[in-house]
Structure formats: C-alpha cells, structure tokens
Amino acid sequence: MTSLAGVPLARIINAVLVIAVVVVSASLHEFGHAYAAWRCGDPTAAEQGRLTINPAAHVDPFGSVLLPLILSLAGGVTLAYAKPVPYDPRRLRDRRRDEVIVAVAGPAMNLIQAIVGAVAFRIAAPHLVPLGNAGTWAARVLLMYVSVNVSLMLFNLIPLPPLDGSKILMPLFKGEALRRYYQVQRYAMPIMLVLLFVLPEYLGIDPVGAFVGGIGGQILDLLLGA
C-alpha cells in the first residue's frame, strides 16, 4: 500500500513523526516557561503540575496535534503550540523584567533543542549512511527535530496572543500605545486564523510561512553547516 485515502503513505508517516517531534519540543518549550517563572519567584506553574517535561501536562489537542498534522499533510511549514503555562505576574520579583524573561524562555528552549539536534545530526550523519533505510529515517528524524524547533521558536515570537512575542513586546508599550495594543489583542485569534489559513488558501499569500520559512531557512543553514 503506497497511499491511504489518496494521501501518500510516506507523507502520512512523515506527519506522524512531525507530531511526535512537536509534542516533545512543545512540552520542553512550556517547561522552559514554567522553570523561568519558578526561578523568578512565581510557583504558580509548579503548583498546577506544569513544572515538568511530561507531555501530558502541556499538549493542546488542536495546537500540538491537529494543527501540525494538517500543515504537515498539506506540505506546509510546521507550526504548533501547547497549552500556555499559567503564571501570576504579581508573584514575580521584578514584574517588568521577569515577564520578559518568562516569555523568552520558551523560544530559547526551542533554540537550545535545535542546537542540540543539529550537533547530534552532524556527529551521527556519517555513521547513519551504512545503516540503509533505518539510517535514512534516523537522519530524517534528527533533521525534523531541528527544523520543527526552529519553526516553533519563530512562530512563537510572532507578537499576537497567546504567542510569546506578545508578552515580549508588551513591556515596551505605555499609556495610549499599551491601550491600543490591548485592543488589537482582542482580535488576536481571528487575525491568526486569517494569517494561517485564509490568506494562503484564498489569496496565495502566506506571511507566516514566509517569515518562518525565510528566516528559519537561514538559521537551519547556519546550524547544519549547509
């Protein structure tokens, strides 16, 4: 059997692997937030069982499974998210500084994972070639791990809630600018749906894919020595 419901079997296997990699990567992303908040004085995430690398505590059914599945089967850029880690800004030692630290910690964890994956690939690659198909799939998973983490890092830096980029930018706004930013946040989800699905599908314009794919490609080249 080379296809299932008209979808090539290789693409289905690839999508399943993408989901597995996303679950691990997104869980570590959220753990990064929880750990940063804990170190900055806020134990809220720990109290709610989120200071863990266990995927069961972090996976969002749509953002961690369905969204990357749809995009992977469509052959698009891998984008995903997990359940946001709860934190109480009032319990942070320095709210203005620590909110940024907590927000940056997630994408930083993805960058660390990408670097670790790239190093593992460059070390293992020469030894995987003699293994035939098994070696090919192992290399593919390592490359996927690097690529997914770069994509998650960039995607989460987009300044729209609930993504981390919104929290990183927020301390930069004051007064009227902050009020207007809060107004924009009310429409964050519709805006995200338009950016992810409506524009690419009906107008052939994919700003998120261009951002993640363009900058992500350069980062991948740097990490993998292409």
Side-chain angles (χ1 to χ4, degrees), residues 19-68 78-117 145 148-192 208 211-212 219:
I19 292 173
V21 170
V22 163
V23 166
V24 172
S25 304
S27 297
L28 289 173
H29 172 106
E30 297 303 330
F31 170 76
H33 288 309
Y35 180 75
W38 178 68
R39 289 299 301 268
C40 289
D42 175 24
T44 302
E47 292 168 353
Q48 297 188 26
R50 300 297 300 278
L51 189 60
T52 175
I53 61 174
N54 183 356
H58 303 295
V59 168
D60 178 272
F62 176 78
S64 308
V65 179
L66 189 57
L67 178 60
T78 300
L79 304 175
Y81 59 87
K83 291 187 294 187
V85 163
Y87 76 99
D88 186 346
R90 297 169 299 179
R91 302 172 81 176
L92 297 171
R93 296 189 184 93
D94 184 331
R95 179 170 179 170
R96 190 174 183 85
R97 179 202 67 190
D98 294 346
E99 280 197 271
V100 175
I101 292 175
V102 172
V104 169
M109 183 64 79
N110 289 125
L111 179 59
I112 291 171
Q113 291 183 78
I115 292 172
V116 170
Y145 184 69
V148 164
N149 273 287
V150 170
S151 294
L152 290 180
M153 176 185 70
L154 294 173
F155 178 58
N156 278 281
L157 288 175
I158 295 174
L160 283 174
L163 304 178
D164 302 321
S166 64
K167 301 180 183 68
I168 294 172
L169 283 184
M170 197 173 296
L172 302 178
F173 297 114
K174 295 181 181 179
E176 180 64 16
L178 182 60
R179 187 183 69 81
R180 289 184 178 276
Y181 189 65
Y182 279 130
Q183 289 178 337
V184 172
Q185 285 188 337
R186 298 175 189 174
Y187 307 100
M189 190 53 67
I191 292 173
M192 186 64 70
V208 174
F211 168 68
V212 174
I219 295 175

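These numbers were taken from a predicted model, which means no experiment stands behind them. Atoms considered below: every heavy atom in the structure, side chains included; atoms not considered: hydrogens, waters and symmetry mates.
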[atom1] of [X]: more than 12 outside heavy atoms within 6.0 angstrom?
X     : atom1 : answer
Arg97 : CZ    : yes
Arg91 : CZ    : yes
Ile53 : CD1   : no

So, taking the atom named [atom1] in [X] and the one named [atom2] in [Y], what distance separates them when rounded to the nearest 0.5 Å?
X      : Y      : atom1 : atom2 : answer
Ile168 : Ile101 : CD1   : CD1   : 11.5 Å
Leu160 : Leu169 : CG    : CG    : 10.0 Å
Phe155 : Asn110 : CZ    : CG    : 11.5 Å

Verdict with supporting geometry, Gln113 and Leu152, side-chain contact (heavy atoms from CB on, under 4.5 Å): CA-CA 11 Å; Gln113 291 183 78; Leu152 290 180; over 6 Å; no
Heavy atoms only: give me the nearest [X]-[Y] pair and the separation to one decimal.
X      : Y      : answer
Ile158 : Phe211 : CG1-CE2, 4.1 Å
Lys83  : Ala57  : CE-O, 3.5 Å
Ser27  : Pro55  : OG-CA, 3.1 Å
Ala105 : Ala36  : CB-CB, 3.5 Å
Val150 : Ala114 : CG2-CB, 3.9 Å

Beyond-backbone contact of [X] with [Y], side-chain heavy atoms, under 4.5 angstrom:
X      : Y      : answer
Leu163 : Leu157 : no
Tyr87  : His33  : no
Val102 : Lys167 : no
Met153 : Ile219 : yes

When you compare the side chains of Asn149 and Ser25, does any donor N or O come within less than 3.5 Å of an acceptor on the partner? yes
Who pairs with Gln48 by side-chain hydrogen bond (donor to acceptor under 3.5 Å, both in side chains), at least two apart in sequence or on another chain? none
Quick test of your reading: applying side chain to side chain donor-acceptor pair (under 3.5 Å), list the pairs with at least one residue in residues 51-68, sequence neighbours left out, ordered by first then second residue. Arg50-His58
Kindly assign one of parallel, tilted or perpendicular to the pair Trp38 and Tyr35, based on the angle between their ring planes and the thresholds 30° and 60°. tilted
If we ignore hydrogens and angles and just use 3.5 Å, is the side chain of Asp42 paired with the main-chain N or O of Ala37 as donor and acceptor? no
Mark yes or no for whether Asn156, through its side chain, and Pro107, through its backbone, hold a donor-acceptor pair below 3.5 Å. no
